[in-house]
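Treat the numbers as computed from the prediction; the structure is a model and nothing was measured. Proteins get letters first, then strands, A, B, ... in listed order; numbering begins at 1 in each.
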2 protein chains.
Amino acid sequence: MREYMAMNTPTPLDLGRLRHSCAHCSLQQLCLPAGIDAAALQQLERIVRRSRPVQRGERLYRVGTPLGAVFVASSGAFKTVGLNESGEETLLGFHLPGELIGLDGLGEGAHRCEAEALVDAQVCEVPLDQLSAVAMQLPSLHRQLLRVIGQGVDRDHDHTSLLVRRQASERIALFMQGLGQRYAQIGQDGHRFRLPMSREDIARYLGLALETVSRGLGRLQDDGVIAVHGRQIQILDPDELARLAQGEEDCEPARQRRRG
Amino acid sequence: MREYMAMNTPTPLDLGRLRHSCAHCSLQQLCLPAGIDAAALQQLERIVRRSRPVQRGERLYRVGTPLGAVFVASSGAFKTVGLNESGEETLLGFHLPGELIGLDGLGEGAHRCEAEALVDAQVCEVPLDQLSAVAMQLPSLHRQLLRVIGQGVDRDHDHTSLLVRRQASERIALFMQGLGQRYAQIGQDGHRFRLPMSREDIARYLGLALETVSRGLGRLQDDGVIAVHGRQIQILDPDELARLAQGEEDCEPARQRRRG
DNA sequence: CGGGAGCTTGATATGACTCAACTAGCGTGG
DNA sequence: CCACGCTAGTTGAGTCATATCAAGCTCCCG
């Protein structure tokens, strides 16, 4: 958060944030409140624990933690990491503001993965039993709950179709493109953003070696598709990025390689 | 249901099947009815369209089909295949009896993938609006609905941790092991089963070339871990399979390769 | 200024893909 | 009943992309 503050919100504390409610949240249209009526919103607000700060590296829950609540970041970013029997970690997903965290564990009643803040963040916490109870009273909230669950499933499926791609360059292009789209969806600049995760996280998310990710990004930069400065990313040529993401390997005749 | 019966199962009709209900279904404990009380079960039965036969190759829904119902096979097997913009297909999952099909599309209200029967099958269909309506009356069913949704998410995550494995042999071993476990869960023999899917389907599910799958299975057979006769599989050495699945590459000193 | 994590870059080895031929199994039709 | 053709699966040879190992670099942060 230090970084963010320095970069984006000069004064250390935005008082408005303290008064934040679902009704005033910029993410309202993306989050549980989307599409529910005023009465339902009030009910929902009553049970939501709002905007708790979470430090980088802090975990919302661990493997085995009984499922008690779902979370939504209002700022920052999270990763969810699965641990299998043999102790290996699998990077299951990244979660930007507005995207529900903690649906795993719905199956067994306890979390099968861990949710860790990639940068300092703010999270809203929604106790699941209360959410269920309210959802059973309010059809619109019930629908919306199923909708955000479905969106999580969709993101998992997107991840899967990333992972089955053969070419590393394809996975990387698709990842950057998808991230840009997700930033755009939450009202941030989809062409210029800061990666909240390390190269290693990206590599594990994409099923690649971290060196391959590094090289892939370098290549995209050399080709003039994106600009990379550490974690700062700028998408220079979205169309070309989309082309590469769809497996159409360059062969670009007119475009020169290496410092385009 | 009458129509279905009349249409598709001409003479060799098992009368017992006509009486089939959730209460008598062998999959009861794995399916939506699991853990709900008798009253809830009755309510649920009222809305479930039971045991429609589905032919191999037939699809339950296609991309873009408005989400209207979820499905559970009572016999047979399905695959779900996602189609992305560029027309490429991604094999998102296999569904054995008792495993919910059709949760994708919850996010957008329309299916993003297609569910196709791998072999002739029987499916129960649960209209989603009615299911929602009943779930809102019955806490136990509501809980159970979230639980089966969560199990679907868990399976997707298992798939993901398969895909990030580096070694093809590891993915293949893990796949066979997982399939065996799933068969065991539904009361079938987990050590001896028939694959409902082709090598190509397996390959696409695992993010490998089909030849690699074929070789991998051959290798497992040569090592005496499994026996393969076409799609008929027998797991001979579950412990060794588990070892291989966890990445502990053989180096087996005593065990001889090629026709063990 | 020093330390260290995070990242880049280089050289090399190898595992998996690709292309290709071949086989097994199965249903069809002569 | 066998020949045929088709689909699914196996097996082989060669190439290439990516993992791996190993330096070196850069940027923070103390």
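- You'll find a donor-acceptor pair under 3.5 Å spanning the side chain of B:Arg215 and the base of C:dT18, going by distance alone.
- If you check C:dC17, C:dT8, D:dT10 against the side chain of A:Val228, the one that comes closest is C:dT8.
- Between A:Glu200 and B:Gly207, the residue anchored nearer the 5' end of DNA chain C, judged by the nucleotide with its closest heavy atom, is A:Glu200.
- As rounded to whole Å, 15 Å separates atom P of D:dG9 from atom CG of B:Leu208.
- Whole-Å rounding puts the B:Leu210 CG to D:dG9 P distance at 8 Å.
- The separation between A:Ile172 atom CD1 and C:dC7 atom P is 14 Å, rounded to whole Å.
- Although no hydrogens or angles enter the test, the distance criterion places no donor-acceptor pair under 3.5 Å between the side chain of B:Asp156 and the main chain of A:Asp156.
- Atom CD in A:Gln221 sits roughly 14 Å away from atom C1' in C:dT9 (whole-Å rounding).
- Close to C:dC17, at under 4.0 Å from its OP1 or OP2, lies a side-chain N or O of B:Thr212.
- Here B:Ser198 lies in heavy-atom contact (under 4.0 Å) with sugar-phosphate atoms only.
- If you take CZ on A:Arg204 and CD on A:Glu89, they are separated by 5.0 Å, rounding to the nearest 0.5 Å.
- In this structure, A:Arg165 contributes its side chain and A:Ala245 its backbone to a donor-acceptor pair below 3.5 Å.
- With axes fitted over five pairs at each extremity, the angle between the ends of the helix from C:dC1-D:dG30 to C:dG30-D:dC1 is 30° (10° resolution).
- The shortest side-chain heavy-atom distance between A:Leu83 and A:Glu114 falls under the 4.5 Å cut-off.
- Ionic pairing of B:Arg112 and A:Asp158 is present here: one or more N-O contacts between side-chain nitrogen and carboxylate oxygen are shorter than 4.0 angstrom.
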Side-chain polar contacts of residues 173-186 of chain B - donor-acceptor pairs under 3.5 angstrom, sequence neighbours left out - could you list them?
from: B:Arg182; atom 1: NE; to: B:Glu99; atom 2: OE2; distance (Å): 3.1
from: B:Arg182; atom 1: NH2; to: B:Phe94; atom 2: O; distance (Å): 2.6
from: B:Arg182; atom 1: NH2; to: B:Glu99; atom 2: OE1; distance (Å): 2.8

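- Environment of CD in A:Glu88: crowded, with over 12 heavy atoms of neighbouring residues, nucleotides or ligands closer than 6.0 Å.
- A salt bridge does not link A:Arg243 to A:Asp239: none of the charged side-chain nitrogens sits closer than 4.0 Å to a carboxylate oxygen.
- Between A:Arg204 atom CZ and C:dC7 atom P there is a gap of 13 Å when expressed in whole angstrom units.
- Rounded to an integer number of Å, the gap from CD of A:Gln232 to P of C:dC7 is 13 Å.
- Atom CZ of A:Arg199 and atom CG of A:Leu210 lie 9.5 Å apart (nearest 0.5 Å).
- Between B:Met197 atom CE and D:dT7 atom C1' the separation is 18 Å, expressed in whole Å.
- Of the listed nucleotides (C:dC17, D:dG9, C:dT8), D:dG9 has the atom at the smallest distance from the side chain of B:Arg231.
- Separating the CD atom of B:Glu211 from the P atom of C:dC19 is a distance of 10 Å, rounded to the nearest angstrom.
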For nucleotides 12-15 of chain C, which of its nitrogen or oxygen atoms have a protein nitrogen or oxygen under 3.5 Å away, and what is each distance?
none

